Each structure stands twice: as C-alpha cells, then as structure tokens.
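All chains are named by letter (A, B, ...) in the order of the sequence lines, taking the proteins before the strands, and each is independently numbered beginning at 1. The shown structure was predicted, so the numbers you read here are calculated from the model rather than taken from an experiment.
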Amino acid sequence: MWTWFYKLASPPYVYAAAAALAPWFLGLAAITVGYGLVDGLVYAPPDYQQGDAFRIIYVHAPSAWLSLFAYTSMALAGAIALVWRIKMGHAVAAASAPIGASFTVLALVTGSLWGRPMWGTYWAWDPRLTSELILLFLYVGVMSLRSAFEDPSRGDRAAALLGIVGLVNVPIIHYSVTWWNSLHQGATVAKLGKPPMPGSMLWPLLSMLLGFMLFYGAVLCMRLRGEVLNRERQAKWVREAIKS
Amino acid sequence: MNMAADGLSVEKVHVWRGDRHVLRGVSLSLGPRQLLHVSGPNGTGKTTLLRVVCGLLRPEQGQVSWRGHSISSARSEYQATLAYASHEPALKGDLTALENLRFAVGLKRRVTADELRSALQRTGVAACADLPARVLSAGQRRRVAMARVLAMSASLWLLDEPFTNLDAAGSDVMSSLLQSHVAGGGSALVVAHHELTVECDMRRMELA
Amino acid sequence: MNMAADGLSVEKVHVWRGDRHVLRGVSLSLGPRQLLHVSGPNGTGKTTLLRVVCGLLRPEQGQVSWRGHSISSARSEYQATLAYASHEPALKGDLTALENLRFAVGLKRRVTADELRSALQRTGVAACADLPARVLSAGQRRRVAMARVLAMSASLWLLDEPFTNLDAAGSDVMSSLLQSHVAGGGSALVVAHHELTVECDMRRMELA
Amino acid sequence: MRVGAFEAFGLVVRRELCLSFRRPDQLLQPLVFFLIVTTLFPLGLSLQLSLLRDMAPGVLWVAALLSSLLSLDSLFKSDADDGTLEQLALCGQGLTVIVVAKTFAHWLVTGAALVLVSPVVGTALGIPGAAFATMLLSLGLGTLTLSWLGAIGAGLTVGLKRGNVLLSLIVLPLAMPLLIFGAGATDRAISGTSAVGALYFLAALCVFTCTLAPFAATVALRITLE
Amino acid sequence: MRVGAFEAFGLVVRRELCLSFRRPDQLLQPLVFFLIVTTLFPLGLSLQLSLLRDMAPGVLWVAALLSSLLSLDSLFKSDADDGTLEQLALCGQGLTVIVVAKTFAHWLVTGAALVLVSPVVGTALGIPGAAFATMLLSLGLGTLTLSWLGAIGAGLTVGLKRGNVLLSLIVLPLAMPLLIFGAGATDRAISGTSAVGALYFLAALCVFTCTLAPFAATVALRITLE
Ligand code: HEM
Ligand SMILES: Nc1ncnc2c1ncn2[C@@H]1O[C@H](COP(=O)(O)OP(=O)(O)OP(=O)(O)O)[C@@H](O)[C@H]1O
Ligand SMILES: Nc1ncnc2c1ncn2[C@@H]1O[C@H](COP(=O)(O)OP(=O)(O)OP(=O)(O)O)[C@@H](O)[C@H]1O
Ligand SMILES: [Mg+2]
Ligand SMILES: [Mg+2]
C-alpha cells in the first residue's frame, strides 16, 4: 500500500500523469465555462434589484471560491510533503501558489468592480474583503519565503509550514460574513435547504464553478510539469526525456 | 560493515549541496580511545561531514549511528555525549567568557563556576574570564571555545580546525588536551590541515 | 629614527583598548622588497597593530607614515596603495566570488573581468568564480579574499593570518604569491603564528 | 549529571534576560518605539483632537503590534549569526525547550513591559480610566499571542538576510484577527459596552497559539538550521 | 589607473542595486510592508469608515516612514557584519562617496518604489485623485529626506546589536517635521486648499538634509568604525 503510494508520487510518474491529465481538464473546462458564460450572461434573467450588474457573480464567486480551494490544496500538499517527506508534494504546492494568488487577485478585482455599483465604493474595510486581502498577503508570503532560500529544499519546507499555519485564515474568510455583520453578501449558494436563487441563475453559476476548478486542475498540471522538470534537472530520466 | 556498538559509525553518507555532490558515500567508524584526523583540500566537505555527524544536517542517503542507535532516533542522548566546535567560536559578544560558558555548558550538565574557571585556566585564558567576548582577540576566542568543549566533559569531540588562530603555545595546549581526552576513554573527530602531534590511537582519513 | 621615505614607518605607537594598554610603543619600518613577519602570543595586539597601520584605528600616541607622509594627511593616496586582508574574508554572501572582486577591486583601479578571473585562477578557486560566496567553504572564501588582494595590485600588503583555513596546497600558493609580490618590488606585513617559508628579505617582529 | 527540561528552561530565560539587561538602552527601545509611534499619529493627523479619541484603540494596538514585531526579528537571528544557535540546538535538550524559553523571555522584555506602560499612553490618547482593565488584559493576551506568532515567523526567516521585512509580511496577516478583536475590546470598553466576548475570543486565540505555536516554531527553526 | 569619484559612485550604486535585485522578493518587501501597515490601520479602527478618510494622510505618511525605517537598518549593518565595510572604508575613495552612493541606492529601491505604489494605497484609503500630484511630490521629497536622516542614524548605530530599534529612536524625532508637513500638504490637497507652502517647506528641508547629511553620516560612520 505504502510502496504503491510512494510510487505514485515519484517524479517521472507525476510528470507523465500531469501531461496526460492536462488536456482533459482543459477540454472539460472549456465546455463548462462556455456553457456557464453563455447561459449566465445571455439567458439568465436579470436580477430584480441589480439588473445586469449581478452577472459579475459568474466570475466573482467562482474565482473567490477557487482562491480558498487553491490555498487549501496548497497547504495540504505541503503538509503531506512535510510529514511523509514526499518531494512531489512540494512541487504541487509550489505550482499551486501562483494560480491561487491569481484567483485571489481576480476575486478582489471583480469584487471591487461589483462593489462600485452596489456599495458606491470600490473598497471598504469590511471583514470579508480584508480577510481576502490577507489571503493575498499569505500567498505572497508563502511564495517569497520559498524563493528567499538559497537551498530549494529548505525553502520548500519553510513555505509548507507557513502554508499550514496560514490555513487558519480560510475559515475566517468563509465565516466572516456570519461572525461580523458585513456589507458583503452572506452564503447564498451553499445554504442548506432551498437555495434562495432561482435555478436559471444557479445552474450557470455551478457550471462556472466546476469549469474554474477544471481550469485550475489544467493549469496546475501544466505548471507542475515545469516544476518537476526544474527540480529533477539532475536526474537521469529528465535528461532522457529531453533528449528523446 | 561493523556497527561499532560502542562508538560512532558513519555509513555510506551522501550529501548534495546545491548541484554539487559533496559527500559521496563517506563511511567511517570511531570507537573509544580513538582519534580520527580528517583532512583534505579546501571545499571537499570536511565541515559538511562534521555537521552530518552532529545531526545538524540530515544526509540524503546513508546513516550515522552512535552506540548502535541511529542518531536521529536517540537524538537527545546522543547530543548529551557530544561536544562540537565549529569554524566560528560561537560566543555571544555581550556576555563575558565565563557567562558564555555557563549558559552553554549549563544546558548539558550541572557545573560550578569554579569548574568553568579551571577549564578557562587550562586553555590559558583565565585572565579573560570576565571580559565580554566581543573584545577578545581571535585566538582568545578560539581558546574560550575550546574551554567550552572541555567543560562539557563529553565523550565525543567533534572539532573543526581547532588549531586556527592559535599561537604555538596554544597549539601545544590543544594537542595535550586531545591526548588526555583520548587517553581518558574519549573519542575525537578532528578536522585539521596539518599533521597532528598527539600520541594515541590516531587514524587519518583523507577526503577528496 | 629613520623616516623610511620610500616605505612604511610606524613610530612608538601606543593603543589602549578598554583598560588594557595593548600596544606599548611599537615601532617598525618596512621598505620595498621587504616582508615583515609579525608574530606573538594570542591577544598581544597583532590585529590591533594591523588596523593602526591601515588607518582604521587612530593610535592614542605615535605616528604611522608612508613614503614620508603621515597616513592621515594623505589618506586616499595611501589607501590606494594598500591591500588589507582581515581575519574575516569580507565577502558578500549574495554576490558571486567574481562580483565580490569586481566591486571591491573596481573602487581601487579599473579592472577587467579577465584580470579578476586570472587572480581567482592563481589562488585556485577559478571553479568557484560564479558561485555565491555564501556557499563557499572556509578555505575557498579565504582564497577568494587572497585573490582580491592580488587583483588590487597594491604595493603594500597587510595580511592578518592569511594561512588560516588553507590546505597544504593553499599554503604553498600563498607563500609563492608573497614571494613574487616582494620580488616585484612590493612590501608585505604578514601576521602569522608559524614560520614563513618565503625566500626574500624577511624580518621578523615578535610582539609580547 | 543531566539537566532537566525545567532547569534548562530557566537557564535559557536567564541567559536571554542577562543579554537584554547587558544593554539597558536596548531594553527600553521597544517601549520608546511604542511611545513614539503613538505620538506620531496625533502629529500626522494635524492635531484634529476630536479624531484622536475615536482612533485611540487602533493607534494603541497598531503601535503595540509594530513594536513587538520590530524586536522579534532578532529573536533567533543574532544567535544564528554568531553560531550560538547551533550550540543551543546541540545541547541535548530538544529545540522546543529552547524555543519556548526564548519566546517567553522575549515577551517579558517587550510585551509585558509594553503592557505596563500602556496606561500612560492610554491616558495621553484620552482613553478613560474605566477602560484600563480591559485595555491591559487585552494587550497582555494580544502581545503574548503575537510573540508566539512572531516566533514562527522568526524561525522561518532566521537564515535570510533582511529577513525582518519578510517577517512582518508573514506575521502581520496572521496577527490581523488579534488586532481586530484587541482594538474592538478596548473600543467597547471605552464606549461602556461589554467587552467580554472579545476578551474571551482573545483568550481562546492565546491558548490556541500557545499550545500549537511552540511546535510550529521548532519545526521552522529546524528547517532553517540545516 | 585610479578610479574617479563619479565612477566609484556609479560602481557602489551598481553594487547595491545588484545586491537588491539578487533577491527580487526582498526588493518588494518594504513595499509590501507599506501596504500591510496601511491595511492594518483601518482594521484597528473597527471599520469606522467615516474616520478613515480623515486620517488617510496620517496613515499614509506614518506607513511610509516606518517602512523606510525598517529597511534603513541594514544600510551599513550587513556590510559591517561581514567585514566589507572595512574594505569599502579602505578603498581610497573617501567614505563620503560610499555613503552618498549607498544612501541614494537605498532611496531608489525603497523611497522611489514606495512613491510609485502610493496611488494604489491612496485610492484604497479614499484619497481623491485630484490630490495625487501633491501626495506624490510630498512623498518623494519626504522619503529622500528620510533616507538621509536614516543614513546618519544607521551610521551611528551600526556597531551596536539590535540597532534597528535604536535607529528608530534616533531617526523618528528628526523625522517629525517631515511628517507634520508631509501629512499637512496631503491633507490640504484633499480638502482642496493650496498645499504650496508645505511643499516649499518640504523641498527646503530636503535640500538642507541632502547637503549636510552626507557629512554627518560619514562622521557617524567613522566614529563607529574605529
Ligand atoms: C473587493 C470586494 C469583494 C471581495 C474581496 C469579495 C470576496 C468574496 C469571497 C472571498 C467570496 C467567497 C466566500 C466563500 O466561499 O465563503 C465571495 C463570494 C461572493 N461574493 Fe464577494 N467579494 C467582494 C465584493 C462583492 C460584491 C460587491 C458582491 C455583490 C453584492 C459580492 C457578492 C458575492 C456573492 C454573491 C458571493 C457568493 C456567496 C456564496 O454563496 O458563498 N461580492 N466574495
Ligand atoms: N549551493 C551550493 N552550490 C554549489 N556548491 C556548494 C553549495 N553549497 C556548498 N557547496 C560546496 O560544497 C562544499 C562545502 O564544503 P565544506 O564547507 O564542507 O568544505 P571543507 O572541506 O570544510 O572546506 P574547508 O577546508 O575550506 O573548510 C564547497 O566546495 C562548496 O563550494
Ligand atoms: N575593551 C577592552 N578591554 C580589555 N581588553 C581589551 C579590550 N579590547 C581589546 N582588549 C584586548 O586587546 C587585545 C587585542 O588584541 P588583538 O586582537 O590585536 O590580538 P592579536 O595579537 O591579533 O591576537 P590573535 O593572535 O589572537 O589574533 C586582546 O588581548 C583583548 O583582550
Ligand atoms: Mg571547513
Ligand atoms: Mg588577531
């Protein structure tokens, strides 16, 4: 069982698997995002309060969710690598961080664009907004800590530890709307019971979410390949792979 | 491949630093009443080897064991029996020589100020005991570091170029300290570039 | 009391450090094609003397002059002709060995990268030219520091224990560099604890 | 004779205090920094005194945070630079004891000291005496938590040059909840409403950090020591 | 062939920039610190948004001050620690050239960079676009002056451990006038009144410091070098 696990995490296997998965992820992402965009931006009815401005949700909410999801996967990959000394975990974490940071930026930008018509300001020091900004700082911290070390393996482990410690911020972001009374919208989609959103608005949103996740998977696979190649540049299999 | 059950054994240790494969399968063993003199050209990994033996650096491959146990499994017992002197004397400039010793040695075993003073005396820096380490000369600092090793009464000494900065008298003191340590049942791993004049069971290892 | 008009002369220099009267009226003179080997027990003020000669430390009494002028009156001319190597190698860990040299030597005279590489070559660390200084071993760093002295093509070398951390081959290189420097008309003030094997007009001074 | 963990803890704390008291001027520095930052603000605000009272808790907390943070940078760094950290790591006591002792000593000379002078600053900023108990308690809990968060950050950045800025980058985001609840508690105490909820939260945060951070900081230090 | 003072200046600036760019993440750190401190304040104020706009200039200036200050600490220190400062002092160029070059390079990577990002922070703090010109100009003059003041402080504290806190103690009082007039100018620009007077004063302060501080810093450095 364990040997199987370790074999699964061996660099050549990861490299090959990432190469095989990436096109699938990318293709599926294109389909789901395509459906979500068309249905969400064209067919879904305008909101009775916000008119067409609400359509930003189709980019904002998925990218905000993904910013949390990518952080959590990065921290978990780092934790696995730290505890079981599986080097590929660090590669996954390193590949994940910039993608997550980009989603965070996207969430911040779309959020503040949305905030302008909704709240009359691009930015407010609201708990949800602030904690999302902190998430961006954490991403930046993890990335710069990793690169600050001369020795990559130490940088990996240091970044993994910081990632784990920073995980406390994720529930704070998620529950900030309930813990503090906030400007920001409460949980709309994931609420138990009947979602307060009509299906015609909800389905494109869920499709966009799925699409963003697939897209994340695709980019992760592509970045992971580069990461693995760079890390294993001394190894025989890499030289052979490059030659052939 | 004997697991020197009563001493130190290093087996096929490999270490990479950056892209360099610094230690390529180094093995050694060291028992009580033995001294191992490690030498070799600059940059061949002597300091790296010493840090691996201390447990400060985990080798990518290979194993270091002490009295039959891997040093990472019995870390604190192992550390209690070793004394390491690195390239730098590792003194706090703001503390006096004596205080430096008290806080470093005090964590390993209970010592009195008199014991510490007599260690400083033996390495010839008793006069500097109450000066802050910051003002000491390079050689005086090295002697204080040596006194720290002495006062720890450890059975395994790991010394990185202990003769550095010492004058002729200091070198003689250092040699005789090594000799009496080994004669008293201790082991010593000494990195040095020149010949050692210590009368004991001394072997030599050349890294290349 | 000759004012060695063509070289260095130190006259009755007194220095106190804290309560200690470290240098008590030290005098020396050093002309071209001469090497002065300063030795003495640890803590007798050799490093202090070297810092006084550099001008980094102003003596409480006494005078240091170069080619007949007091070094504080002709500071920048004096500094342009000297090269000092202290106890530490004085390298920036983040810069490569070559960059370290470029920025240090470049302030003294115009040099090309090739000259610097050949200096590194002569001290045997050409292979480390493009490694950051931080990863170098103690001996490699010392060799880079020596290459810096070499590349400055200064006429006065002030070296504080230049043989520290060097392996046997490194010591030989160091001696032959000293020899050719002195043979080429330079002067050198060298602090070292052991005998120097340099064939030239060498005098010895013992501090006590 | 082997030395027990408690004895070792005491010895390391004594060592740290001894090092601090060897330079009394430096001992006072975080305090004076705290005082200066709290006076800078009123200046930067061009003396709009009406504003001052409203923002007093915020200023107090931000100053406390920054002044702890500034001194945190040297928590392990000076020991790492002169090689004494290696000696500590090899002392046979386990790194956790050392880390706990050093962090605790750091809190004593910065956090605790800062709590002691805060009434002076509070008075100057116009915080009413009735709110002092809450202010002191929240600052005490907050600075202790911060020292622990800082120990993780300091452990992670110890080998790096100019690590101090990276340290703030790492620690400040983690310290944000502290700031929100700490300033919130003081704010409520000033306006006379109950600050118990925020204080409980701060206490919980403190206990949580104090139990987990020592291990995280030890791991961090071990990673960077190699 | 001897090297002229201008050439030496260029070489030292190149050296400093090279050292900074060798670690691009560290180059960004003062900036990020600046961003973080400016976000801390609003948090500490428990979301009283009305207050925020009023104190924006103060927050902006205090953050700029602190973030320059943090990085100033390493201006001479890292060179002193590894012995390269002695080598620089003996290079035959006169210490003043070195000091000027190092301070200028420091300003380039912190002060100038900070001025460039200040519009972002200004927007987040609610400073209107019309006030940006004044804000940029005043911050530019202010950070340059600050770098020079900091150089004096850094020269004086370089020999001491934990100099960064002492450094702030020396520099902050000197920087008070800067803060008052800097924040004042921005404040006036926001409220639409003329900020020319404050700007002139800042410019005068800048010229004054730039002419005298190099010598003061050189002397300070020489004292601590011995
Ligand atoms: C810069 C401003 C904003 C930021 C940083 C931000 C951040 C976030 C984050 C982090 C989430 C994910 C929460 C979670 O998964 O728990 C989210 C979700 C969401 N945001 Fe925003 N947001 C911003 C502005 C806005 C605005 C102006 C609106 C519209 C009024 C809005 C509406 C939503 C909605 C509807 C969701 C989905 C809620 C759910 O079902 O969980 N956001 N936002
Ligand atoms: N990141 C790195 N990249 C390349 N080489 C490295 C790196 N880190 C260390 N090295 C090399 O590893 C070696 C380390 O050697 P070490 O310090 O153990 O040498 P040593 O035998 O103690 O030498 P000395 O006698 O000079 O003290 C050096 O040759 C150094 O250049
Ligand atoms: N503040 C002080 N108080 C008392 N003694 C001091 C003070 N500062 C320096 N000293 C003493 O001055 C001497 C300085 O000596 P220096 O460093 O020049 O010695 P050295 O000859 O180079 O020795 P080494 O061979 O060990 O390098 C030392 O003995 C030191 O203890
Ligand atoms: Mg070595
Ligand atoms: Mg000396």
Side-chain angles (χ1 to χ4, degrees), chain C residues 15 17 47-48 50-60 71-72 74-96 98-112 115 132-134 141 144-145 148-149 152-154 156 158 160, chain E residues 1-27 29 71 74-102 105 109 158-159 218-219 221-226:
Chain C
V15 173
R17 301 308 275 167
T47 300
T48 311
L50 229 47
R51 289 174 59 87
V52 166
V53 169
C54 282
L56 283 172
L57 197 69
R58 198 183 295 242
E60 268 90 353
I71 60 164
S72 52
R75 191 192 287 262
S76 76
E77 287 74 26
Y78 176 56
Q79 289 186 347
T81 59
L82 74 78
Y84 170 56
S86 63
H87 268 301
E88 304 112 59
L91 302 173
K92 290 244 75 97
D94 283 340
L95 298 179
T96 66
L98 192 69
E99 287 166 340
N100 264 295
L101 255 59
R102 168 160 346 120
F103 291 123
V105 179
L107 289 171
K108 288 231 160 145
R109 66 186 196 91
R110 295 217 179 80
V111 274
T112 62
E115 279 180 90
R134 161 199 318 284
R141 261 178 251 170
V144 175
R148 183 177 55 216
V149 169
M152 282 179 179
S153 47
L156 175 61
L158 304 169
D160 203 349
Chain E
M1 202 162 68
R2 286 289 293 281
V3 178
F6 278 107
E7 232 171 307
F9 173 85
L11 200 67
V12 176
V13 170
R14 279 227 309 285
R15 170 183 188 267
E16 298 296 309
L17 293 183
C18 185
L19 276 168
S20 305
F21 281 96
R22 191 62 32 107
R23 313 196 146 214
D25 52 313
Q26 298 202 345
L27 189 66
Q29 281 166 16
S71 53
S74 62
L75 185 58
F76 302 120
K77 181 152 208 115
S78 76
D79 281 351
D81 285 347
D82 56 19
T84 47
L85 192 61
E86 276 183 358
Q87 292 291 337
L88 286 177
L90 290 176
C91 73
Q93 293 295 344
L95 212 46
T96 314
V97 175
I98 311 285
V99 169
V100 172
K102 281 183 75 79
V109 296
V158 69
T218 311
V219 173
L221 201 57
R222 190 153 279 144
I223 291 171
T224 45
L225 253 181
E226 272 208 356

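Looking at C:R58, the atoms closer than 4.5 Å to chain E (heavy atoms on both sides) sit in the backbone and in the side chain alike. Of the two parts of E:L85, neither the backbone nor the side chain holds a non-hydrogen atom closer than 4.5 Å to a non-hydrogen atom of chain C. Looking at E:R222, the atoms closer than 4.5 Å to chain C (heavy atoms on both sides) all sit in the side chain, from C-beta outward.
With respect to chain E, the highest number of heavy-atom pairs below 4.5 Å among C:P132, C:A90, C:G55 belongs to C:A90. Interface check for chain C: of the options E:G83, E:G94, E:C91, the most heavy-atom pairs under 4.5 Å are formed by E:C91.
Between C:L57 and C:R17, the closest side-chain pair of non-hydrogen atoms falls below 4.5 Å. Contact check for C:L107 versus E:I98: side-chain heavy atoms found under the 4.5 Å cut-off.
Applying the side-chain hydrogen bond (donor to acceptor under 3.5 Å, both in side chains) criterion to E:D79, with sequence neighbours excluded, gives C:K92, E:R15, E:T84, E:K102. Applying the side-chain contact (heavy atoms from CB on, under 4.5 Å) test to E:A101 and every residue at least two apart in sequence or in another chain returns E:F9, E:V12, E:V13.
The closest donor-acceptor contact from the side chain of C:R148 to the backbone of C:L91 lies at 3.5 Å or more, if one exists at all.
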